[in-house]
Amino acid sequence: MSPRPLRIAPSILAADFGRLAEEVRAVEEAGADWIHVDVMDGHFVPNLTIGPVVVEAVRAATQLPLDVHLMIEAPELSLESYVAAGADTVGVHVETCPHLHRTLAQIREAGARASVVLNPATPAELIEPVLGDLDQVLVMTVNPGFGGQKFIEGGLDKIARIRRWIDERDLAIDLEVDGGIGPGTASRVVEAGANVLVAGTAIFRTPSYRDAIEGLRKEADAS
Ligand code: DX5
Ligand code: ZN
C-alpha cells in the first residue's frame, strides 16, 4: 500500500476563540488539510473547552474535514452528538474506553472515521488488537489538556512501532501525532512514521499561518 498523504491539522485550541470562524477560515486559506478540534471535559484532563454546539459552528465555517479529539470520560455516551455536529473523524482515548472495540464500532456506525488516542505513558500494545477496526491512531507527545507544552521524546519509538504494524499488515490507517509539533519536531515524527501533524501554537501563535503551514510541510517533505 502506498504511504498515506501528509496532512497538516491546525489545532484550534491555540486560536482566538473570540474570532473562531474567522480563524478557521484563515487556516483553511493558508493551506491546512484538516481542522483539529480539542474537546475537554475537566475530568479526564484538567481543562474544559467546547462541546457539540461549537463543533457545529466550526463545521459551518469550513469545508475541511474536522478531526475531533475527545478528551472526555465515557465518550460512548456522547460521541454521536459530535458526528451529528459535523465531525468527520472522532478520536477516543484508549484510557477512557474499557470496551474499546465496541466504542470504535460505535463511531463508524455513527458515520465517522474511528480514531484511537494514546497518552504518552500508555503502551502501543494496548491498541494492537484493534488495528483492523479503526481508521486512525493518534499518538500524544504531550500530556493532554493544554497547548504549548514541550514535546515528549518517548513518542518517537511508539510512532515507529505503530508504523511497522501498519505497514506489515498493509492497513489503511492514518498515523497522527499531537503535542509540541513545530519546527524541529515535525521532521522527527514524520521520519518515525507519522503522516498527520497536529499543531496549535506552531501555527496560530505565529504572524503568518501560511508560512507556518508551508514550513511544516517543507520540513516533513525533507525528512
Ligand atoms: C493538547 C491538545 C493539542 C494541543 C496541541 O491536549 O490535544 O491538540 O492543541 O497544542 P500544541 O501544538 O501547542 O502543542
Ligand atoms: Zn488534540
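Note that ligands are numbered from 1 as they come in the structure, with each ligand's atoms numbered from 1 the same way. All of these numbers come straight from a predicted model, not from anything done at the bench.
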> So, the side chain of D133 versus the backbone of H101: is there a donor-acceptor pair under 3.5 Å, distance only?
Replying inline: no
>> What is the name of the N/O/S atom of H69 that is nearest to the Zn ion (ligand 2)?
In response: ND1
>> If the cut-off is 4.0 Å to any non-hydrogen atom of H36, which atoms of ligand 1 fall inside it?
In response: 8 (O)
> Between R205 and D16, is there a salt bridge with N-O shorter than 4.0 Å?
Replying inline: no
> Judged by modelled atom types alone, do Q106 and E76 share a side-chain donor-acceptor pair under 3.5 Å?
Replying inline: no
> Which atoms of ligand 1 have any heavy atom of G179 under 4.0 Å away?
Replying inline: 14 (O)
> Hey, which atoms in ligand 1 end up nearer than 4.0 Å to a heavy atom of M71?
Replying inline: 6 (O), 7 (O)
>> Closer than 4.0 Å to some heavy atom of M40 - which atoms of ligand 1 meet that?
In response: 6 (O)
>> Just by distance, no angles: are the side chains of D67 and H69 close enough, under 3.5 Å, to form a donor-acceptor pair?
In response: no
> Which of the numbered atoms in ligand 1 are below 4.0 angstrom from a heavy atom of A199?
Replying inline: 12 (O)
> Less than 4.0 Å between a side-chain N and a carboxylate O, is that true for D88 and R59?
Replying inline: yes
> Taking the N/O/S atoms of D178 one by one, which is nearest to the Zn ion (ligand 2)?
Replying inline: OD2
> What is the nearest protein non-hydrogen atom to atom 12 (O) of ligand 1, stated with its residue, atom name and distance?
Replying inline: G200 N, 2.8 Å
> Is there a side-chain contact between T141 and D178 (heavy atoms, below 4.5 Å)?
Replying inline: no
> Please state which protein non-hydrogen atom is closest to atom 14 (O) of ligand 1 and give its distance, to 0.1 Å?
Replying inline: G180 N, 2.8 Å
>> Need the atom name: nearest N/O/S atom of D38 to the Zn ion (ligand 2).
In response: OD1
> In ligand 1, which numbered atoms sit nearer than 4.0 Å to a non-hydrogen atom of P144?
Replying inline: 6 (O)
>> Can a donor-acceptor pair be found, under 3.5 Å and without considering hydrogens, that links the side chain of N47 to the backbone of F146?
In response: no
> Can you tell me which residue and heavy atom of the protein come closest to atom 13 (O) of ligand 1, and the distance to 0.1 Å?
Replying inline: T201 OG1, 2.4 Å
> Any donor and acceptor pair, going by atom type alone, linking the side chain of T49 with main-chain N or O of D38 inside 3.5 Å?
Replying inline: yes
> If you measure from CE on M71 to CE on M40, what distance do you get to the nearest 0.5 Å?
Replying inline: 4.0 Å
> Can you tell me which residue and heavy atom of the protein come closest to atom 11 (P) of ligand 1, and the distance to 0.1 Å?
Replying inline: G148 N, 3.7 Å
> Any Lys/Arg nitrogen of D221 or R217 sitting under 4.0 Å from an Asp/Glu carboxylate oxygen of the other?
Replying inline: no
>> Which option wins on minimum heavy-atom distance to atom 10 (O) of ligand 1: G147, S11, G145, G91?
In response: G147
> Cut-off 3.5 Å, side chains only: do E29 and Y209 have a donor facing an acceptor?
Replying inline: no
>> Need the ligand 1 atom indices (1-based, order shown) with element for anything under 4.0 Å from a heavy-atom of H69.
In response: 7 (O)
> Would one find an N or O of N143, backbone or side chain, under 3.5 Å from an N or O of ligand 1?
Replying inline: no
> Is ligand 1 less than 4.0 angstrom away from at least one heavy atom of M140?
Replying inline: yes
>> Return the closest protein heavy atom for atom 1 (C) of ligand 1 as residue, atom name and distance.
In response: F146 O, 3.5 Å
> Of all the non-hydrogen atoms in the protein, which one sits nearest to atom 3 (C) of ligand 1, and at what distance?
Replying inline: D178 OD1, 3.0 Å
>> Using a 6.0 Å cut-off, check whether atom CZ of R169 has over 12 heavy atoms from anything other than its own residue.
In response: yes
